[in-house]
Amino acid sequence: MILKAFLVGGLICGLVQILMDRTKLLPGRIMVLLVCLGVVVGVLGVYKPLIDFAGAGATVPLCGFGYTLWEGIRNAVNEEGFIGIFKGGFNASSIGITASLLLSYLASLIFNPKMKQ
């Protein structure tokens, strides 16, 4: 299972690196593109089999975050109706967002970040 995760995650990262090297897209736009791609392939039903096959190799990259948003929205809409469109993504991804904010803050305390000139 670990080998599958590394292969799929590495393939995703390799494709993104090619995209970064071959286009003039800014990194922020590529990140948004990956999240949106995760939502689209989630809607199409393609991402769930990839997650079943590769586990964390498919959920850790940014397209996995987009898929998590989609799944949260889909489940919330099924349970709560229209209001689930607004609540679902936050409920599904809140722990990941909170962890990234907390760990980023702690890293800034330890490493003393500076703005580039």
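None of the values given here were measured: they were computed from a predicted structure. Values reported hereafter were calculated over all heavy atoms of this structure, with side chains retained and with hydrogens, waters and symmetry mates removed.
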Can you pull the salt bridge (Lys or Arg N to Asp or Glu O under 4.0 Å) pairs that have at least one residue in [range], sequence neighbours excluded?
| range | answer |
| --- | --- |
| residues 75-95 | Glu80-Lys87 |
| residues 54-78 | Glu71-Arg74 |
| residues 6-16 | none |
| residues 88-111 | none |

Item checked: Residue pairs passing the side chain to side chain donor-acceptor pair (under 3.5 Å) test where at least one lies in residues 22-50, sequence neighbours excluded ->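 Sorted result for residues 22-50: Lys48-Asp52.
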With clusters built from Ile, Leu, Val, Met, Phe, Trp and Tyr whose side-chain heavy atoms come within less than 4.5 Å, directly or transitively, what are the remaining members of the cluster of [X], listed by chain and number?
| X | answer |
| --- | --- |
| Ile85 | Ile73, Val77, Phe82, Ile83, Phe86 |
| Ile2 | Phe6 |
| Phe111 | Ile110 |

Minimum heavy-atom distance [X]-[Y], with the two atoms named:
| X | Y | value |
| --- | --- | --- |
| Val39 | Gly66 | CG2-O, 3.2 Å |
| Ile12 | Gly57 | CD1-O, 3.8 Å |
| Gly42 | Tyr67 | CA-CD1, 3.7 Å |
| Leu69 | Ser93 | CD2-OG, 3.4 Å |

Residues that [X] engages under side-chain contact (heavy atoms from CB on, under 4.5 Å), provided they are two or more places apart:
| X | value |
| --- | --- |
| Val60 | Ala56 |
| Leu3 | Leu7 |
| Ser108 | Tyr105, Pro113 |

Note to self: Testing Leu62, Leu11, Ile30 one by one against Val16 for a side-chain contact (heavy atoms from CB on, under 4.5 Å), which residue passes?
What the structure shows: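 One option only clears the test, and that one is Ile30.
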Note to self: When you group the ILVMFWY residues by side-chain heavy-atom contacts below 4.5 Å and let the links chain together, are Phe90 and Val35 in the same group?
What the structure shows: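 Hydrophobic grouping puts Val35 apart from Phe90.
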Note to self: Quick check: is Leu15 connected to Val32 through a chain of hydrophobic side chains (ILVMFWY, heavy atoms under 4.5 Å apart)?
What the structure shows: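 No.
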Margin query: Working to the nearest 0.5 angstrom, can you tell me the gap between Leu109 CG and Ser104 OG?
Written below: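 One finds 11.0 Å between CG of Leu109 and OG of Ser104.
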Margin query: Can you tell me how far apart OG1 (Thr68) and CD1 (Ile95) are? Round to the nearest 0.5 Å.
Written below: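 So the gap between those two atoms works out to 12.0 Å.
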Next item on the list: Using the test side-chain hydrogen bond (donor to acceptor under 3.5 Å, both in side chains), find all partners of Asn78 that sit at least two apart in sequence or belong to another chain.
Entry: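 Not a single residue meets the side-chain hydrogen bond (donor to acceptor under 3.5 Å, both in side chains) criterion with Asn78.
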Note to self: Other residues, nucleotides and ligands only: do more than 12 of their heavy atoms fall within 6.0 Å of CG on Leu101?
What the structure shows: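 Yes.
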